[in-house]
Amino acid sequence: MAAENAATKSAGAPPRRSCLYMPGTNARAHDKARELACDVLIFDLEDSVAPEAKAGARDAIAARLDAGGYGGRELVVRVNHADTIWGADDLAAAARAGADAILLPKVTTPEEIRAAGDVLDALGAKARLWAMMETARGVLDAPVIAGAHPRLALFAMGLEDFAKELHADNAPPRTAMLYALERVVLVARAYGLGVLDGVYPAFNDDEGFAAACAQGAQLGFDGKQLIHPRQVSAANAAFAPSAEAVAEARRIIAAFEAARAEGAGIAVLDGRMIEALHVAEARALVATAEAIAARG
Ligand code: COA
Ligand code: MG
């Protein structure tokens, strides 16, 4: 059943190559984001907002979501943890304002996902849930967290907090993080969730950022969480399917359709067998490429 879900869910996901955080207090960034070519915008109420500014930021974000003007991009709100005095109000406000997704920080147990999912169900909200994977328990228990509630749609790696908790080093080339990165991608794919690589804080280091994106794409991530507009175009390039991969996918689809038209269940292309499974993957890749092209 997990496999069925995985196929259906991942095929329909929009592009998430570049997912830009903006502090909930930064009106200039919220304005500027309208012109940026990032796939996803994440309005932050958590670590980038000081305690005394939380309530004001919550209202400002709700007003932004209401006003719109961000095109067809996914609009996400990162709320404070349910254990804080802001968590419940953040969740309700983001849900009522029509966020596409609500990003839960420091997820440690499946109960946190279930509780948030139940609140969204009760409110009749459209929001999906995204979960930050940034605690040792969260990464370890990722499989039970992944299956906790049908609204859960994505894992986002949070490497700063995670490395700190592990007493490990998150510096490039992230050797000490590889087990966790691979584990989170593996679990996400097994459960049909999207999956985002962590941020690269040194936003003026273009070379280091490009290397981190290449590594994230190689590991299988859908895209990267970003902190600065300067990082958008490199992430968009690194996480887009290559022209060669799209051309190959189209050939696979065409070969399979030709075989089906003749009544065969499998096709042969360049001496390789093509089955329905390959075609489903090829169609998902072409759908992603078309969605990126439509974004302009
Ligand atoms: N989203 C949208 N626009 C942003 C932005 C962001 N995350 N970060 C910077 N900008 C804009 C600035 O407003 C500025 O625009 P302008 O020149 O048209 O006024 C331009 O990009 C250049 O910004 P710059 O001066 O280089 O950056 P800064 O020193 O003002 O800010 C940071 C640097 C890191 C504080 C800022 O990028 C930031 O707040 N990033 C997000 C942090 C965050 O949300 N963290 C939580 C998740 S880890
Ligand atoms: Mg964090």
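Note that the structure is a prediction, hence the values are computed from the model and not measured. Whatever order the structure lists ligands and atoms in, that order sets their numbers, starting from 1. The basis for the numbers below is simple: all heavy atoms, side chains too, and nothing from hydrogens, waters or symmetry mates.
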For [atom], is some protein heavy-atom partner under 4.0 Å away?
atom	answer
atom 25 (O) of ligand 1	no
atom 29 (O) of ligand 1	no
atom 35 (C) of ligand 1	no
atom 17 (O) of ligand 1	no
atom 3 (N) of ligand 1	yes

So that I can tick it off, tell me whether [Y] and [X] are bridged by a salt bridge, with the cut-off set at under 4.0 angstrom between side-chain N and carboxylate O.
X	Y	answer
Arg64	Asp31	yes
Arg128	Glu74	no
Arg151	Asp121	yes
Asp222	Arg16	no
Asp270	Arg251	yes

For [atom], find the nearest protein heavy atom and state the residue, atom name and distance (0.1 Å precision).
atom	answer
atom 13 (O) of ligand 1	Arg28 CG, 3.5 Å
atom 7 (N) of ligand 1	Tyr21 O, 2.7 Å
atom 45 (N) of ligand 1	Ser48 CB, 3.8 Å
atom 32 (C) of ligand 1	Phe203 CE2, 4.3 Å

Checklist entry - Any N/O/S of Glu160 under 2.8 Å from the Mg ion (ligand 2)? => result no
Item to check | 2.8 Å cut-off met by an N, O or S atom of Glu46 to the Mg ion (ligand 2) | outcome: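 No, outside the cut-off.
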Checklist entry - Which of these passes side-chain contact (heavy atoms from CB on, under 4.5 Å) with Ser18: Pro229, Ser233, Cys38? => result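 Result: among Pro229, Ser233, Cys38, Cys38 is the only option passing the side-chain contact (heavy atoms from CB on, under 4.5 Å) with Ser18.
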Item to check | Partner of Leu181 by side-chain contact (heavy atoms from CB on, under 4.5 Å), out of Val139, Val195, Leu219 | outcome: Leu219
Looking only at distances, please establish whether an N/O atom of ligand 1 is found under 3.5 Å from an N/O atom of [X].
X	value
Asn26	no
Ile227	yes
Arg78	no

Checklist entry - Short question: side chain of Gln215, backbone of Pro173 - any donor-acceptor pair under 3.5 Å? => result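 It does hold such a pair.
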Checklist outcome for this item: Quick note on ligand 1: atoms under 4.0 Å from a heavy atom of Asp44 include exactly 46 (C)
Item to check | Ligand-side contact atoms (ligand 1) for residue partner Pro23, heavy atom cut-off under 4.0 Å | outcome: 39 (O), 41 (C), 44 (O)
Checklist entry - If you draw a 6.0 Å radius around CZ in Arg34, do more than 12 non-hydrogen atoms from other residues or ligands fall strictly inside? => result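 Enclosed: over 12 neighbouring heavy atoms sit under 6.0 Å from CZ of Arg34.
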Next on the checklist: Counting only heavy atoms not in Arg96 (residues, nucleotides, ligands), do more than 12 fall under 6.0 Å from its CZ?
Outcome noted: no
Next on the checklist: Checking one value in my table: which N/O/S atom of Asp161 lies closest to the Mg ion (ligand 2)?
Outcome noted: OD2
Next on the checklist: From the N, O or S atoms in Glu134, identify the one nearest to the Mg ion (ligand 2).
Outcome noted: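 Closest N, O or S atom of Glu134 to the Mg ion (ligand 2): OE1.
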Checklist entry - Which is closest to atom 10 (N) of ligand 1 in terms of heavy atoms, Pro105, Pro229, Ala29? => result Pro229
Item to check | Closest to atom 27 (O) of ligand 1 among Glu160, His228, Lys32, Met22 (heavy-atom distance) | outcome: His228
Checklist entry - Step by step, would you call Arg272 with Glu248 a salt bridge (charged side-chain N to carboxylate O under 4.0 Å, His left out)? => result CA-CA 13 Å; Arg272 283 178 300 132; Glu248 178 67 8; 2.8 Å; yes
Next on the checklist: I'd like to know whether ligand 1 has Ala33 as a neighbour, heavy-atom separation below 4.0 Å.
Outcome noted: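 Contact check Ala33 vs ligand 1: negative.
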Item to check | Proximity flag His30 to ligand 1, non-hydrogen atoms under 4.0 Å | outcome: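 Per 4.0 Å heavy-atom rule, His30 does not contact ligand 1.
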Next on the checklist: Assigning hydrophobic clusters by single linkage (Ile, Leu, Val, Met, Phe, Trp, Tyr; side-chain heavy-atom cutoff under 4.5 Å), is Leu269 placed with Phe256?
Outcome noted: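 Yes; tracing contacts between hydrophobic side chains, which count when under 4.5 Å, links both residues.
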Item to check | Thr84-Asn80 side chain donor-acceptor pair, cut-off 3.5 Å | outcome: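 Their side chains do not contain a donor-acceptor pair, so the 3.5 Å distance test is not met.
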Item to check | ligand 1 versus Leu20: contacting region, heavy-atom distance under 4.0 Å | outcome: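 Only the side chain of Leu20 comes within reach of ligand 1.
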Next on the checklist: Ring of Phe43, cation from Arg78 - is the NZ or CZ under 6.0 Å from the centre and inside 45° of the axis?
Outcome noted: no
